[in-house]
Amino acid sequence: MGDFTKFKTVIQDLVDLFNDLAEVEHKKLRAISDNNLKALEDSMKEEQAGIMRLRGLEKRREESQRDLGLSGLSFKEIIEKLDGEKVLAMGELYTSLEEALSIFNKNADSAKTAIETNLYSIDAVLAQLQNGKNDADKTGLGEKAKGFTSKKV
């Protein structure tokens, strides 16, 4: 097998990226809990940039695997084909990648749940407003119902 330097570098870059993205998801969760739409928007922009970076890293990973003659194999399958010091070094890198992915997934799931919860609350308020408007229109109170605003929404 060839030189694993390029492959190891790409995997380390993936670890770093997922650590960064985990922090972005954490920022997003804080923004949601603080009802800070500007911070949420900024976090989503950071997330989009991270996704673009991920696409580039995936291409580099595929190229390095192809150069090594290991196309189509998972990281775990690649490690199983190695021996000696390479197994240890790549095993540690694999563990780092797994940990970074796990933290990212937990943070992303939490942020997604918080967003879904807020959307459910917004839908409920909008439904109440719509029902109130319909009732107000029937009773002639339509103008008073239009004046209602909610700072939570």
Side-chain angles (χ1 to χ4, degrees), residues 1-133 146 148-153:
M1 281 185 215
D3 182 20
F4 273 80
T5 305
K6 184 179 174 184
F7 183 72
K8 285 172 39 176
T9 300
V10 171
I11 299 300
Q12 185 58 55
D13 289 347
L14 283 167
V15 170
D16 295 342
L17 174 62
F18 280 111
N19 284 330
D20 291 348
L21 286 173
E23 180 57 34
V24 169
E25 292 298 320
H26 186 70
K27 284 183 202 175
K28 192 189 308 181
L29 185 58
R30 273 195 315 261
I32 293 165
S33 68
D34 294 343
N35 287 325
N36 186 340
L37 293 178
K38 173 72 172 117
L40 178 60
E41 183 180 336
D42 292 344
S43 295
M44 293 177 87
K45 286 178 184 176
E46 282 184 69
E47 181 181 49
Q48 289 171 348
I51 290 169
M52 295 302 292
R53 217 171 113 205
L54 178 60
R55 288 180 183 152
L57 286 172
E58 277 299 303
K59 285 181 182 178
R60 285 181 39 210
R61 181 193 55 77
E62 289 171 1
E63 288 172 11
S64 67
Q65 279 188 238
R66 188 174 48 251
D67 293 346
L68 291 167
L70 301 169
S71 292
L73 296 179
S74 70
F75 195 3
K76 198 170 190 174
E77 291 170 329
I78 291 170
I79 292 172
E80 290 171 359
K81 291 185 174 282
L82 301 177
D83 57 357
E85 290 181 23
K86 286 182 182 176
V87 170
L88 184 59
M90 297 305 265
E92 289 173 1
L93 204 48
Y94 179 79
T95 300
S96 295
L97 183 59
E98 272 190 322
E99 289 172 359
L101 275 168
S102 176
I103 292 168
F104 165 73
N105 284 328
K106 286 177 186 174
N107 288 353
D109 288 345
S110 295
K112 180 182 174 198
T113 300
I115 288 171
E116 288 171 348
T117 300
N118 281 350
L119 287 175
Y120 177 79
S121 297
I122 290 168
D123 284 344
V125 168
L126 290 174
Q128 287 177 339
L129 288 174
Q130 185 62 37
N131 288 338
K133 180 181 181 275
K146 288 180 186 175
F148 175 78
T149 61
S150 172
K151 294 190 186 243
K152 285 277 189 187
V153 178

Distance check, rounded to the nearest 0.5 Å: [X] atom [atom1] versus [Y] atom [atom2]?
X: Ile11; Y: Ser96; atom1: CD1; atom2: OG; answer: 11.0 Å
X: Lys45; Y: Gln48; atom1: NZ; atom2: CD; answer: 8.5 Å
X: Lys86; Y: Lys8; atom1: NZ; atom2: NZ; answer: 9.0 Å
X: Ile79; Y: Leu73; atom1: CD1; atom2: CG; answer: 11.5 Å

Nearest non-hydrogen partners of Ala31 and Leu40, listed with the distance: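 Closest heavy-atom pair between Ala31 and Leu40: CB-N, 3.4 Å.
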Nearest non-hydrogen partners of Asp3 and Leu68, listed with the distance: O-CD2, 3.2 Å
Asn19 and Glu23: side chain donor to acceptor below 3.5 Å: no
Please tell me if the side chains of [X] and [Y] come closer than 4.5 Å, counting only heavy atoms from C-beta onward.
X: Asp42; Y: Lys27; result: no
X: Phe4; Y: Leu93; result: no
X: Leu14; Y: Leu97; result: yes
X: Thr9; Y: Asp13; result: yes

Counterpart residues, salt bridge (charged side-chain N to carboxylate O under 4.0 Å, His left out), relative to Lys76 (two or more places apart):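 Not a single residue meets the salt bridge (charged side-chain N to carboxylate O under 4.0 Å, His left out) criterion with Lys76.
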Residues forming a ring-ring contact (aromatic ring centres under 6.0 Å, His included) with Phe75, sequence neighbours excluded: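 Here the qualifying residues are Phe7, Tyr94.
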side-chain contact (heavy atoms from CB on, under 4.5 Å) between Ile115 and Lys28, worked out: CA-CA 9 Å; Ile115 288 171; Lys28 192 189 308 181; 4.1 Å; yes
Intermediate values then yes/no, side-chain contact (heavy atoms from CB on, under 4.5 Å), Asn107 and Leu29: CA-CA 8 Å; Asn107 288 353; Leu29 185 58; over 6 Å; no
salt_bridge(Arg60, Glu63) N-O dist < 4.0 Å: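 Looking at Glu63 together with Arg60, the answer is no, because their closest N to O distance does not fall below 4.0 Å.
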Salt-bridge present (Arg61, Glu58; N to O < 4.0 Å): yes
Determine all donor-acceptor pairs shorter than 3.5 Å in which one atom belongs to a side chain in residues 99-106; sequence neighbours excluded.
residue: Asn105; atom: ND2; partner: Leu101; partner atom: O; Å: 3.2

Main-chain N/O of Ala111 paired with Glu25 side-chain donor or acceptor, under 3.5 Å: no
